[in-house]
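These numbers were taken from a predicted model, which means no experiment stands behind them.
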Amino acid sequence: SKEQLQRLYSRFIALDKQSEGSLRREDLERIPELYVNPVSQFLLDAFFRDRNEINFLEFGRPTSINRREAKLRFLFDMYDLDRDGVISVDEVHRMLEELLGRHGRPDQVLSIARRIVHEAALDYAAANGVAEMPSGGQIDSIDFPAFEHAMRNVSDHQLSICFLS
């Protein structure tokens, strides 16, 4: 709506400390909710992966980053730390370590990471009629289609980052 667009623009201007008409990583790092988020660095790395700054049109454009597929791609890229096109058990493990801090035993966290990747791959394979799994039965990564399938029940709202306050 017009009101939402005005609030979004006000938020953009408030974050643009240099009054340059664009936001850089440092500008977003000042958002208190992002600052306290344990995975904020992964989020910002994904957000600024292919650019150094964003202008208002990119910040609030409903046809690009706000589409479901774009949100899922963004989230996938956030987990794909080495940018090889797959999310590995190690990458999920690193993300879980950041999220859990010191609240999880290392062996349990690794086991959870393995289970997340394995179940996502098996579920995708079953939904797509793939009968063969890798020899040894252990799956060590998932690609974007498997990730997208695993996220099918997550609402668009849950995939959103709110910059309005």
Side-chain angles (χ1 to χ4, degrees), residues 11 15 23-54 58-61 64-165:
R11 183 67 168 155
L15 291 169
L23 299 178
R24 292 178 289 187
R25 183 185 185 106
E26 310 81 70
D27 298 319
L28 296 184
E29 287 174 338
R30 291 187 193 104
I31 299 172
E33 297 84 358
L34 193 56
Y35 181 77
V36 298
N37 187 321
V39 296
S40 63
Q41 294 308 307
F42 297 113
L43 181 67
L44 291 170
D45 287 346
F47 200 73
F48 288 99
R49 179 167 283 181
D50 299 322
R51 57 184 169 229
N52 295 322
E53 60 186 29
I54 56 170
E58 294 168 316
F59 185 71
R61 182 180 299 155
S64 61
I65 192 74
N66 293 322
R67 285 190 350 260
R68 181 174 180 79
E69 183 180 344
K71 289 177 183 181
L72 289 172
R73 177 56 73 178
F74 177 82
L75 190 57
F76 180 87
D77 288 346
M78 191 175 95
Y79 277 85
D80 183 13
L81 302 174
D82 62 7
R83 301 179 184 184
D84 66 350
V86 296
I87 299 173
S88 68
V89 169
D90 181 56
E91 289 165 328
V92 173
H93 181 232
R94 287 177 56 195
M95 189 69 69
L96 287 173
E97 285 180 321
E98 290 296 322
L99 286 168
L100 296 173
R102 297 179 183 197
H103 298 291
R105 286 193 354 238
D107 59 322
Q108 286 179 322
V109 176
L110 181 58
S111 177
I112 292 167
R114 284 185 179 131
R115 193 170 73 232
I116 288 169
V117 170
H118 190 80
E119 289 180 10
L122 287 178
D123 187 44
Y124 178 72
N128 289 284
V130 177
E132 278 188 46
M133 295 312 292
S135 61
Q138 187 58 39
I139 301 163
D140 62 355
S141 65
I142 58 171
D143 59 9
F144 182 73
F147 177 80
E148 187 175 32
H149 181 77
M151 300 295 287
R152 70 191 176 282
N153 294 324
V154 176
S155 74
D156 286 347
H157 177 73
Q158 291 171 303
L159 293 172
S160 297
I161 301 170
C162 184
F163 288 107
L164 300 175
S165 60

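- Remark: D77 does not engage R83 in a salt bridge, criterion side-chain N to carboxylate O under 4.0 Å.
- Taken from CD1 in I142 to CD in E148, the straight-line distance is 11.0 Å, to the nearest 0.5 Å.
- Side-chain contact check for L110 versus V89: some heavy-atom pair is nearer than 4.5 Å.
- Without hydrogens or angle criteria, E91 side chain to D82 main chain gives a donor-acceptor distance under 3.5 Å.
- Distance check, rounded to the nearest 0.5 Å: CD1 of I139 to OG of S88 gives 13.5 Å.
- Within the 3.5 Å criterion, the main-chain N or O of D84 finds a donor-acceptor partner in the side chain of D80.
- In plain terms, the two heavy atoms of L28 and F48 that are nearest each other are CD1-CE1, 3.6 Å.
- Every residue meeting the side-chain hydrogen bond (donor to acceptor under 3.5 Å, both in side chains) condition with D27, not counting sequence neighbours, appears here in chain and number order: R30.
- Heavy-atom contacts from other residues, nucleotides or ligands closer than 6.0 Å to CZ of R24 number more than 12.
- Minimum interatomic distance between Y79 and M95 (heavy atoms only, all atoms of both residues): CE2-CG, 3.4 Å.
- With hydrogens and angles ignored, the 3.5 Å screen pairs a side-chain donor or acceptor of N128 with a backbone N or O of Y124.
- Atom CG of N52 is surrounded by 12 or fewer heavy atoms from other residues, nucleotides or ligands within 6.0 Å.
- Closest of all the heavy-atom pairs between M78 and L43 is SD-CA, 3.4 Å.
- For the atom pair CD1 (I112) and CZ (R105), the distance works out to 10.0 Å, reported to the nearest 0.5 Å.
- Residues I87 and F147 share a closest heavy-atom pair of CD1-CD1, 3.7 Å.
- Of all heavy-atom pairs between F76 and D143, the closest is CE1-C, 3.6 Å.
- Rounded to the nearest 0.5 Å, atoms CD (Q41) and CG (L81) are 12.0 Å apart.
- Taking CG of L122 as the start and CZ of R115 as the end, the distance is 12.5 Å to the nearest 0.5 Å.
- To the nearest 0.5 Å, atoms NE2 (H118) and OG (S141) are separated by 12.5 Å.
- V117 approaches V92 most closely through the heavy-atom pair CG2-CG2, 3.7 Å.
- For the residue pair H149 and R152, a side-chain donor N or O sits within less than 3.5 Å of a side-chain acceptor on the partner.
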